[in-house]
Amino acid sequence: MGIRKLKPTTPGQRHKVIGAFDKITASTPEKSLVVGKRATGGRNNTGKMTMRYIGGGHKRKYRIIDFKRNKDGIPATVKSIEYDPNRSSRIALLYYADGAKSYIIAPNGLEVGQTVVSGSDAAPEVGNTLPMVNIPVGTIIHNIELRPGQGAKMVRSAGAFAQLTSKEGAYAIIKMPSGETRKILAACKATIGAVGNSDHGLEKSGKAGRSRWLGRRPHNRGVVMNPVDHPMGGGEGRASGGHPRSRKGLYAKGLKTRAPKKHSSKYIIERRKK
């Protein structure tokens with residue numbers, strides 16, 4: 001997976017760096033795994049805007065992704081690698097030996113025609129999903145469950161990976177992409193390898209219009225508002241606005257928002273680096 005830098009034929013093309021689609025092998029999704037997706041425009045059920053700076057954008061269809069991988073012992077062949085407008089990573093279409101079809105997040109190195117399998121007897125190879133109790137220490141993993149059978153919740157975005165560093169009793173010690181080290185039940189499943197499309201972080205939109213295509217409306221800063229509109233507004237000239245805070249007056253940068261008695265804190269061994 002590479003990136004494309006375009007010739008500066010227009011102002012919008014000058015700084016544009018976008019992902020290449022050379023690894024994508026299908027242009028239309030599998031119809032049985034696609035459902036409609038409604039856009040809210042940031043409005044609630046009464047039509048009131050509750051989230052600002054949302055609206056417009058290209059229409060999307062939601063691809064149903066199999067995050068549980070619970071068809072244990074049944075081999076599946078990778079039929080195609082596809083684009084998904086709902087996530088930064090690419091997705092892979094699997095054809096199972098029993099005739100079922102499903103989408104998974106495509107890990108780095110997964111090729112069309114390759115066979116993947118899930119279950120405790122699966123080999124620790126790229127694309128295979130197995131409980132962490134069966135994964136060798138030091139393995140790079142993604143799509144990690146937090147509770148057995150719940151489905152993958154963590155490490156799903158493009159280029160992300162975690163590392164299984166050790167095992168302690170019923171728990172596996174995982175080093176997360178953020179730098180956090182935490183315990184997760186070793187009975188939880190994870191997929192071998194890193195998420196593909198790792199060049200996603202190098203992309204540059206090149207123009208404001210590409211944000212509009214993604215459904216992001218112009219976002220105006222608090223310091224350019226008037227005092228009646230924002231705590232950081234007002235002042236003579238370009239005043240920076242004092243301590244960063246939200247429109248409702250809550251401190252924005254540096255204030256710890258995690259609940260001090262949160263039950264999952266006991267599973268965190270080392271917090272992420274600031």
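Since the structure is predicted, the reported quantities are computational estimates derived from the model, not experimental observations.
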* **Heavy-atom check, side chain of Ile91 versus side chain of Arg63, under 4.5 Å** => yes

* **NZ/Lys204: more than 12 non-hydrogen atoms of other groups inside 6.0 Å** => no

* Asked: Which pair of non-hydrogen atoms, one from Ala162 and one from Pro177, has the smallest distance, and what is that distance?
  -> CB-CD, 4.3 Å

* Asked: Between Glu82 and Ser80, do the side chains contain an N or O donor and an N or O acceptor separated by less than 3.5 Å?
  -> yes

* **Charged N-O contact under 4.0 Å between Asp66 and Lys71** => no

* Asked: Can Lys37 be said to sit on top of Tyr62's aromatic six-ring, NZ or CZ under 6.0 Å from centre and within 45° of the ring axis?
  -> no

* If you measure only the distance, is there a donor-acceptor pair under 3.5 Å linking the side chains of Thr129 and Arg69? -> yes

* Asked: How about Asn220 and Tyr53: does a side-chain donor come under 3.5 Å of a side-chain acceptor?
  -> yes

* To do: Start with the C-alpha gap between Ile64 and Val35, add the side-chain angles, then the distance that decides, and say whether side chain to side chain contact (heavy atoms under 4.5 Å, CB included) holds.
  => CA-CA 8 Å; Ile64 299 164; Val35 292; 3.9 Å; yes

* NZ/Lys183 to OG/Ser264 distance, rounded to the nearest 0.5 angstrom? -> 13.0 Å

* Provide the full list of salt bridge (Lys or Arg N to Asp or Glu O under 4.0 Å) pairs with a residue in residues 244-260, sequence neighbours left out, each pair given once. => none

* To do: Could you tell me the separation between the OG1 atom of Thr77 and the CD atom of Gln114, rounded to the nearest 0.5 Å?
  => 10.0 Å

* What do you reckon, is CG of Asp98 surrounded by more than 12 foreign heavy atoms closer than 6.0 Å? -> yes

* Could you pull out the closest heavy-atom pair between Lys61 and Pro85, with the gap in Å? => O-CG, 4.3 Å

* Would the number of heavy atoms belonging to other residues, nucleotides or ligands and lying under 6.0 Å from NE2 of His243 be above 12? -> yes

* To do: Compute whether any side-chain donor of one residue and acceptor of the other, for Ser32 and Glu30, lie under 3.5 angstrom apart.
  => yes

* Neighbour count >12 (heavy atoms, 6.0 Å) for atom CZ, Arg52 -> yes

* Verify the cluster assignment for Ile105 and Leu33: are they in a single hydrophobic cluster under the rule of side-chain heavy atoms below 4.5 Å apart? => yes

* Those residues that, when tested against Lys16, pass side chain to side chain donor-acceptor pair (under 3.5 Å) (two or more places apart) -> Gln13

* To do: List the atom of Ile144, the atom of Ile174, and the distance in Å for their closest heavy-atom pair.
  => CD1-CG2, 4.1 Å

* What is the distance from atom NZ of Lys59 to atom CZ of Arg38, rounded to the nearest 0.5 Å? -> 9.0 Å

* Could you give me the CA-CA distance, side-chain angles and deciding distance for Lys23 and Arg90, then say whether side chain to side chain contact (heavy atoms under 4.5 Å, CB included) is met? => CA-CA 9 Å; Lys23 295 280 173 69; Arg90 304 288 183 239; over 6 Å; no

* Check the hydrophobic clustering (I, L, V, M, F, W, Y; side-chain heavy atoms under 4.5 Å; chains of links allowed) and say if Val112 and Ile104 are grouped together. => yes

* Among all residues two or more places apart in sequence or in another chain, which pass the side-chain contact (heavy atoms from CB on, under 4.5 Å) test with Ala259? -> Lys262

* Lys189 side chain near Asp72 side chain, heavy-atom distance below 4.5 Å -> yes

* In terms of hydrophobic clusters joined by side-chain contacts under 4.5 Å, are Tyr96 and Val78 together? -> yes

* Asked: Given side chains that start at C-beta, do those of Val195 and Asn108 come closer than 4.5 Å, heavy atoms only?
  -> no

* Enter the distance from Asn86:CG to Arg60:CZ here, rounded to the nearest 0.5 Å. => 5.5 Å

* **Leu214 and Ser211, any side-chain heavy atoms less than 4.5 Å apart** => no

* Structure fact -> All heavy atoms of Arg271 vs all of Glu180, minimum pair found to be NH1-OE1, 3.8 Å

* Arg14 atom CZ, neighbour heavy-atom count above 12 within 6.0 Å -> no

* To do: Give a yes or no on whether Ile184 and Val133 share a hydrophobic cluster (residues Ile, Leu, Val, Met, Phe, Trp, Tyr; joining criterion: side-chain heavy atoms under 4.5 Å apart).
  => no

* **Co-members of Ile140 in a cluster of I, L, V, M, F, W and Y side chains, linked at under 4.5 Å** => Phe161

* So if you build clusters from Ile, Leu, Val, Met, Phe, Trp, Tyr with side-chain heavy-atom gaps below 4.5 Å, do Leu146 and Leu164 land together? -> yes

* Structure fact -> Residue pairs meeting side-chain hydrogen bond (donor to acceptor under 3.5 Å, both in side chains), one or both in residues 133-162, sequence neighbours left out, come to none

* Just wondering, are more than 12 heavy atoms of other shown residues or ligands nearer than 6.0 Å to NZ in Lys79? -> no

* Worked verdict on Ile54 versus Arg217 for side chain to side chain contact (heavy atoms under 4.5 Å, CB included) -> CA-CA 5 Å; Ile54 293 174; Arg217 293 182 62 230; over 6 Å; no

* Structure fact -> Taking every heavy atom of Leu130 against every heavy atom of Ala122, the minimum-distance pair comes out as CD1-O, 3.6 Å

* Around Met51, counting heavy atoms of other residues, nucleotides and ligands shown, do more than 12 lie under 6.0 Å from its CE? -> no

* To do: Please tell me if the side chains of Ile65 and Asp84 come closer than 4.5 Å, counting only heavy atoms from C-beta onward.
  => yes

* Enter the distance from Trp213:CH2 to Arg210:CZ here, rounded to the nearest 0.5 Å. => 5.5 Å

* To do: Output, in order, the C-alpha distance, side-chain angles, deciding distance and verdict of side chain to side chain contact (heavy atoms under 4.5 Å, CB included) for Val116 and Leu94.
  => CA-CA 9 Å; Val116 295; Leu94 302 186; 3.9 Å; yes

* Donor-acceptor pair, Thr25 side chain versus Ile81 backbone, under 3.5 Å? -> yes

* Would a 4.5 Å heavy-atom cut-off, applied to side chains only, mark Leu185 and Pro148 as touching? -> yes

* Structure fact -> The reported gap from CD1 in Ile18 to CG in Asp199 (rounded to nearest 0.5 angstrom) is 12.5 Å

* To do: Could you tell me which non-hydrogen atom of Ile141 sits nearest to which non-hydrogen atom of Val155, and how far apart they are?
  => O-CG1, 4.2 Å

* To do: Answer yes or no: is there a side-chain heavy-atom contact under 4.5 Å between Arg43 and Thr40?
  => no

* Asked: Any side-chain heavy-atom pair from Thr257 and Leu250 closer than 4.5 angstrom?
  -> no

* Would you please classify the geometry between the Tyr83 ring and the Phe21 ring as parallel, tilted or perpendicular, with 30° and 60° separating the classes? => perpendicular

* **Non-neighbouring partners of Asn226 that pass side-chain contact (heavy atoms from CB on, under 4.5 Å), sequence neighbours left out** => Val228, Asp229

